[in-house]
Amino acid sequence: MSETTGASYAAAGVDIEAGDRAVELMKEWVKKTRRPEVLGGLGGFAGLFDASALKRYERPLLASATDGVGTKVDVARRLGVYDTIGHDLVAMVMDDIVVCGAEPLFMTDYICVGKVHPERVAAIVKGIAEGCVLAGCALVGGETAEHPGLLGEDDFDVAGAGTGVVEADRLLGADRIRTGDTVIAMASSGLHSNGYSLVRHVLLDRAGLALEAEIAELGRTLGEELLEPTRIYSLDCLALTRTTDVHAFSHITGGGLAANLARVVPDGLHAVVDRSTWTPGPIFDLVGRTGDVERLELEKTLNMGVGMIAVVPEGSTGAALATLADRGVDAWVAGEITERGDKETGAELVGDYA
C-alpha cells in the first residue's frame, strides 16, 4: 500500500511556528507601552484594561477610533523599512481620539502579511509600541494574520483601533466654538499618512523617481522623506487642555485642512485660515510641480504642512502658543472664527503661501 501525503496548513502557506516566533520577538516592545491599568500580558485572547481607573471621572465618556496608514505601506515595503510605519498607525488612530479632548488609554493592532517574517513583523510592532509611548497609551494586544495566495510574500498592511476617555463636561467640539476664536496651526512632520496614492502616482509612476535618489530640495533621499513618521500630537493636545482653554481640535488627515477643520465648526460660523502665515515644506511643492497638480487639488489631498488645529478663545492664544513652544511644537496663529454669512462651507483657505 502506497503512502499518501495529506494537505496541511503549512503546505497551504501558513507557518504557525513563524507566527509564534514573531510574538516572542514583539513582547519586549509591547512591555514598554504598559500602563498601570493593564492586566496580564501578550498571548491571551483579549487584552485587559482595569476600568476601575475610570472611577475618578464624574461621567466618563469612552472615545473610540480605528484607522490604517493607506498606501504608505508600499513605500515601506519597497525600501524594506518596517520600524517607522507603526508611528503612522498610532498617529492616525490616537490623534483622532484626542480631538474630542479624550486621553488615549489603549490600542490594538492588526497586521496582515503574505508571509510571516518574524523579524519584519516584530519591527512593525516595535514602531507601533514606540508610537503608543509617544501617545501615552498601552498596546494591549493585536493580531498577525498570514494570507498566502491573497497577498504576495512581501506584501503587508496594518490597521489599529484605540480607546480613550474624556469627562463629559470637558468634551470638546463644535458647540464650544465662538466668533472671534483663534485658529492655531501645528506644523506637520511632512506628508504624514495621507495622499500617498497621489504622491506615488506623481513621483514614482509618472516621474519615475527612485526612492533611493537624493533630492536636493529635500536634503535627503526621496524614500527618507516619504517614510518620515507622522507626528503624534496626543500629549501636546492634552497639555493644551490642562494649561489653557481649548474649544476644539481638528486632525488634518484625508480631505485636507479646510475639509477637516469644517467638521468642528458649527452652523452659522466660519473658519478663515490665512495661507500667508506659513510656508509648506518642499515635499508639497515637489508633488505639485512634478505632477502639475493644481493647488486646490493638493489642498484637498495633502495636509500642506499643518497636522493639527486647535481652536481657542482669543484671550487664550498666548498661553496656548507658549505651551506648544515649551513642548517643541512649531505652532502659529493661522486664522480666526467669523460669522458664516453666505459662505457655503465651514472653513476656507485665503491668500497665498508665504
Side-chain angles (χ1 to χ4, degrees), residues 69-76 78-79 81 84-85 87-88 91-92 95 183-233 250-262 271-310 324 328-335 345 347-354:
V69 299
T71 59
K72 190 170 184 174
V73 297
D74 181 60
V75 180
R78 292 192 193 195
L79 289 173
V81 177
T84 63
I85 205 76
H87 286 236
D88 300 286
M92 291 299 101
D95 283 349
V183 175
I184 294 177
M186 300 179 219
S188 68
S189 56
L191 293 169
H192 283 184
S193 192
N194 302 104
Y196 272 72
S197 293
L198 173 64
V199 172
R200 289 165 49 249
H201 174 66
V202 168
L203 300 182
L204 305 182
D205 299 338
R206 288 184 54 179
L209 297 178
L211 290 171
E212 298 79 10
E214 291 281 347
I215 307 297
E217 61 199 281
L218 301 178
R220 53 180 170 177
T221 69
L222 179 61
E224 289 170 335
E225 178 71 29
L226 298 188
L227 279 190
E228 178 67 36
T230 303
R231 174 147 198 161
I232 297 174
Y233 300 92
S250 177
H251 187 198
I252 311 306
T253 57
L257 198 161
N260 281 286
L261 181 53
V272 180
V273 176
D274 187 354
R275 297 185 184 94
S276 70
T277 60
W278 82 97
T279 302
I283 184 62
F284 301 100
D285 179 66
L286 179 66
V287 174
R289 188 181 70 253
T290 304
D292 195 23
V293 184
E294 294 183 358
R295 185 172 71 179
L296 291 180
E297 181 66 22
L298 279 179
E299 292 175 341
K300 287 193 305 181
T301 309
L302 308 178
N303 66 60
M304 301 305 290
V306 178
M308 182 72 75
I309 290 285
L324 293 171
V329 180
D330 183 15
W332 63 93
V333 173
T345 61
E348 68 174 328
L349 305 182
V350 300
D352 294 318
Y353 292 112

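Everything numeric here is computed off the predicted structure, so don't read it as measured data.
Put simply, the side chain of Tyr233 never gets that close to the backbone of Ala91: no donor and acceptor are under 3.5 Å apart. In this structure a side-chain-to-backbone donor-acceptor pair under 3.5 Å is missing from Thr290 to Val287.
Minimum heavy-atom separation, Phe284 to Ser188: CZ-OG, 4.4 Å. Minimum heavy-atom separation, Ala331 to Leu324: CB-CD1, 3.5 Å. When all heavy atoms of Ala354 and Ser276 are compared, the closest pair comes out as CB-O, 3.4 Å. Between Ser189 and Pro229, the closest heavy-atom pair is OG-O, 2.7 Å. Between Asn194 and Leu302, the closest heavy-atom pair is O-CD2, 3.7 Å. Across every non-hydrogen atom of Ile309 and Ala185, the tightest pair is CD1-CA, 3.7 Å.
Between Tyr196 and Leu226 there is a side-chain heavy-atom pair separated by less than 4.5 Å. Side chains of Lys72 and His192 form no contact here, defined as non-hydrogen atoms less than 4.5 Å apart.
In this structure, Arg78 does not pair ionically with Glu212, as no charged nitrogen and carboxylate oxygen lie closer than 4.0 Å. Salt bridge Arg220/Glu225: present, at least one basic N to carboxylate O contact under 4.0 Å.
Atom CD1 in Ile252 sits 12.0 Å away from atom CD in Glu299 (nearest 0.5 Å). Note that the CG atom of Leu191 and the CD atom of Glu228 stand 9.5 Å from one another [nearest 0.5 Å]. A distance of 11.0 Å separates OG1 of Thr84 from CD of Glu224, quoted to the nearest 0.5 Å. From Leu257, atom CG reaches atom NZ of Lys300 across 15.0 Å, with rounding to the nearest 0.5 Å. Here the CD-CD1 distance, from Glu217 to Ile283, works out to 8.0 Å after rounding to the nearest 0.5 Å. In this structure, CG in Asp74 is found 8.5 Å from CG in Leu211, a value given to the nearest 0.5 Å.
With a 6.0 Å radius and a threshold of 12 heavy atoms from other residues, nucleotides or ligands, Asp205 has its CG atom above the threshold.
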(request) Report the C-alpha distance between Asn260 and Ser250 in whole Å, list the side-chain angles of each, state the deciding distance to 0.1 Å, and finish with yes or no for side chain to side chain donor-acceptor pair (under 3.5 Å). (result) CA-CA 6 Å; Asn260 281 286; Ser250 177; 5.2 Å; no

(message) What verdict does the salt bridge (Lys or Arg N to Asp or Glu O under 4.0 Å) test give for Arg295 and Asp352, after you've listed the backbone C-alpha separation in whole Å, the side-chain angles of each residue and the deciding distance to 0.1 Å?
(response) CA-CA 10 Å; Arg295 185 172 71 179; Asp352 294 318; 3.0 Å; yes

(request) Decide yes or no on side-chain contact (heavy atoms from CB on, under 4.5 Å) for Met186 and Val306, but give the supporting numbers first. (result) CA-CA 6 Å; Met186 300 179 219; Val306 178; 5.9 Å; no

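By the 30° and 60° cut-offs, the orientation of the rings of Tyr353 relative to Trp278 is perpendicular.
No hydrogens or angles considered: a donor-acceptor pair under 3.5 Å links the side chains of Asp88 and Thr230.
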